[in-house]
Structures are given as structure tokens and as C-alpha cells.
There are 2 protein chains.
Amino acid sequence: MRSSEKPEVLLHLEEMLSPVRQLLKAHSLRRTAIREQVLNVFLQRKEAVSQSDLEQALGHPDRITLYRTLRTFEEKGLVHRAIDGTDKLKFALCSSGCSHHKHQDQHAHGHCEHCGRTICMEGVWLPELQSVDGFQVKSTFLIVQGVCSDCGKRIATKK
Amino acid sequence: MRSSEKPEVLLHLEEMLSPVRQLLKAHSLRRTAIREQVLNVFLQRKEAVSQSDLEQALGHPDRITLYRTLRTFEEKGLVHRAIDGTDKLKFALCSSGCSHHKHQDQHAHGHCEHCGRTICMEGVWLPELQSVDGFQVKSTFLIVQGVCSDCGKRIATKK
DNA sequence: CTTATTTTGCAACCACGTTTCATTTTATCA
DNA sequence: TGATAAAATGAAACGTGGTTGCAAAATAAG
């Protein structure tokens, strides 16, 4: 689908409406199909997603390209790694506090042992440590494992 | 090396002295070479170790056997997974509070971004949460990233 | 010392992370 | 709009790690 096939009016509308393109432009990233698709998934879901989540959501695109897309996003400060205690690497959209090399992620991550989703818990604050037994603290992560509210309801109603 | 080649007095001494064999017996596990070796590494280092750490430390034994050894130890409550924010799975010796299926790990884990080691921080306590926005909390993990005291000293003296 | 049970080591498979390189696509500028 | 430089893609290929099944070996029990 080439953009030249669309009337100009529509093009301008799209440019105005698309937060995805704004994000790409703001981080000086070229606009490509997979980047837009990936960003759309990040914007739709508010949770942390793994590469395999994305592969499924996007109908199994080239996995190397997807891999590099995520790494590029991470480098440019669009996403950060969300540590959720699983061995699976997940990413979440950065908030405005993230820059290219310093990511801030001042909230806990809740990992649901039922559905496997990882949600960001904005309300939980992390202990602010500076040094522990000679260990210089640079960042802290709090992982909360349990059952998310959706799964909790589902279990309650089905039983 | 068959034990029958040693005098009986020595045998008794060994039995009395070996915490490794006590651990195995306490968890009704058979005494095998690799299990003793792995436990020795766990007892010597006080940090969390990954499978590849163990492979290196033990001179690359059969990796499947090692893999199953760790899983067995985990099932029997000898070790627990130590979440340190890396994608690499690590294990640490359980304290007395661990049973077969319920592991307690009430301390933070410090991950050194310099040497990659993961140490247990007994002094840092985790926030006790019960429910956050409908999320039922079952366990919490605190990961502290930074520079461990050894690396801190090493950097300070070398520069 | 024999036997039943457990553990080991091997083969084999799949998922994932990662790099290299030729080809394609994008943004830029005339 | 069309040519061009730079960037991104897709294929191939490799390494590591996790996992299972099965026959051989080792262990604990009698």
C-alpha cells in the first residue's frame, strides 16, 4: 500500500492523528511497517510485552527484524526492559523520563502467574537505597507476583 | 575412588564433617558426584549461581545432568530461583524457611553490573503488600542493580 | 552380593539471541 | 519528481540453553 495512492487530504489527516509517527519522528527513527505495528501494540496494551507476544500479535513477522526493532527502540529510549521475574525478556513503553541511555522505571511490575501478563503498578513506590554493605545502588526493581485482577475475577465467577 | 579403600576411622570423620551429605540426607536425595560438587559450590560462594557458572566451576560436566540436578534441588527445596533482572536463571541455597513447594526468599538480590555476580542482601526488607488495585500479591522480589563492594574497591584502587 | 530403583549420559529437538551480508526501502536533495 | 546516500530488512548461519526419551550405569536396601 503506497501512500501516493491516497488523496492528499487523507495523508494530512493521518499525519495529524498518528501518535506512532510522532513517536518515531521524536526519536529520529525511520518510519517502517514493523516499527509502526510494534508501536501500535505497545500503545494498545498497557502492559509489558515479550518478543513472542509481539510475534503472535503481528502474525509472525521476521523474527530477526523484530528483534532488531526492539533493540533499536531500547537504544533510542522508546522502550525499556521490564523485569518481571520470568526468564522471558519483556519490554514496556518508556515514560517521558527516559532518555537514550538512562531509563527510569520508578514503579513495580506485577506478574500474573495465571495469564503471564506483566502490568505496571504505578501506585507502588520503590525503596530508595543508596548503599547497602558497600554495594553502590544504581537502580532498584520491585517485582510483585500473584494473580491480576482480571484473572482473579475470572476465577471467582467460574468457580 | 571407592570409599572401601579408606580406613573406617576416616569414613566416620568424613560423615561427621560433611555438611553436603547432611543436606542430601535431610532432603532424601541420593549421594552422587555431581550433587556433592554442586552443593559445594553453593556452600563456598554465598551468591546466586547460574547453570553456566556451575559448568565453568565444575569443569564442564554433562549439562543435562547438571540441569536435572538443579531442578531436583529446586523441587526438594534445597535451592530457589534468584531473580536478578538478567535473562539468566540463577539459583541460591535455600534458608531453613524453604519447604518443597513454598520457597521463602525474604531478602533483596543485588546484581553487580560489573562482574555479573548476584548477592543476597539480608539486610534489605521487602515491602509487605497484600493487594494492589485488585492484584492479589503472593510474593515480592526486590532487585538492586549497581556495583558490588568488590568491584567498587577494584575500580577505586586501579584508577 | 544381588536386586530394585534412581541417576546418568547420549541423542535429538526446539526456542531464542545474535551476527554477517546482500538486497530493499527510506529520507534527502537537487 | 528522480537520483543517491544511508538505513532497514530478510535470509543464512551459528551458539547457547532448555527439555524429553531411552538405554546404560550407579546407588541404596536387603
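Everything numeric here is computed off the predicted structure, so don't read it as measured data. Sequence lines set the chain letters: A, B, ... in the order given, protein chains first and strands last, and positions in each chain run from 1.
- Applying the salt bridge (Lys or Arg N to Asp or Glu O under 4.0 Å) test between A:Arg117 and each of A:Asp84, A:Asp53, A:Asp150 identifies A:Asp150 as the sole match.
- Taking 4.0 Å as the cut-off between side-chain N and carboxylate O, B:Glu74 and B:Arg81 count as a salt-bridged pair.
- Straight-line distance from the CD atom of B:Glu36 to the C1' atom of D:dA26: 13 Å, rounded to whole Å.
- When the P atom of C:dA15 is taken as reference, atom CG of A:Leu66 falls 16 Å away, rounded to whole Å.
- OP1 and OP2 of C:dC16 both lie 4.0 Å or more from every side-chain N or O belonging to A:Tyr67.
- B:Leu66 places a side-chain heavy atom less than 4.5 Å from the side chain of B:Glu55.
- Considering B:Glu47, B:His111, B:Lys88, B:Lys90 as possible partners of B:Thr118, the one that fulfils the side-chain hydrogen bond (donor to acceptor under 3.5 Å, both in side chains) test is B:Lys90.
- Rounded to a whole Å, the NE2 atom of A:His60 is 10 Å from the P atom of C:dC16.
- Rounded to whole Å, the distance from CD on B:Glu74 to P on D:dG18 is 12 Å.
- Here the side chain of B:Arg35 pairs a donor or acceptor atom with the backbone of B:Arg30 at under 3.5 angstrom.
- You'll find the side chain of B:Leu39 reaches within 4.5 Å of the side chain of B:Leu78, heavy atoms only.
- Phosphate contact (OP1/OP2 of D:dG17, side-chain N/O of B:Gln51, threshold under 4.0 Å): absent.
- When the C1' atom of D:dT16 is taken as reference, atom CD of B:Gln56 falls 14 Å away, rounded to whole Å.
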Dump every N/O contact between nucleotides 7-11 of chain D and the protein below 3.5 Å, one line per pair.
unit_1, atom_1, unit_2, atom_2, d
D:dA7, O4', A:Arg30, NH1, 3.4
D:dA7, O4', A:Arg30, NH2, 3.3
D:dA8, OP1, A:Arg35, NH1, 3.1
D:dA8, OP1, A:Arg35, NH2, 3.0
D:dA8, O5', A:Arg35, NH2, 3.4
D:dT9, OP1, A:Thr32, OG1, 3.0
D:dG10, OP2, A:Thr65, OG1, 3.0
D:dG10, N7, A:Arg68, NH2, 2.7
D:dG10, O6, A:Arg68, NH1, 3.1
D:dG10, O6, A:Arg68, NH2, 2.8

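- In this structure, CZ of A:Arg71 is placed 17 Å from P of C:dC16, rounded to the nearest angstrom.
- Rounded to a whole Å, the CZ atom of B:Arg31 is 15 Å from the C1' atom of D:dA29.
- For A:Glu75 and C:dT18, the CD to P distance is 12 Å, given to the nearest whole Å.
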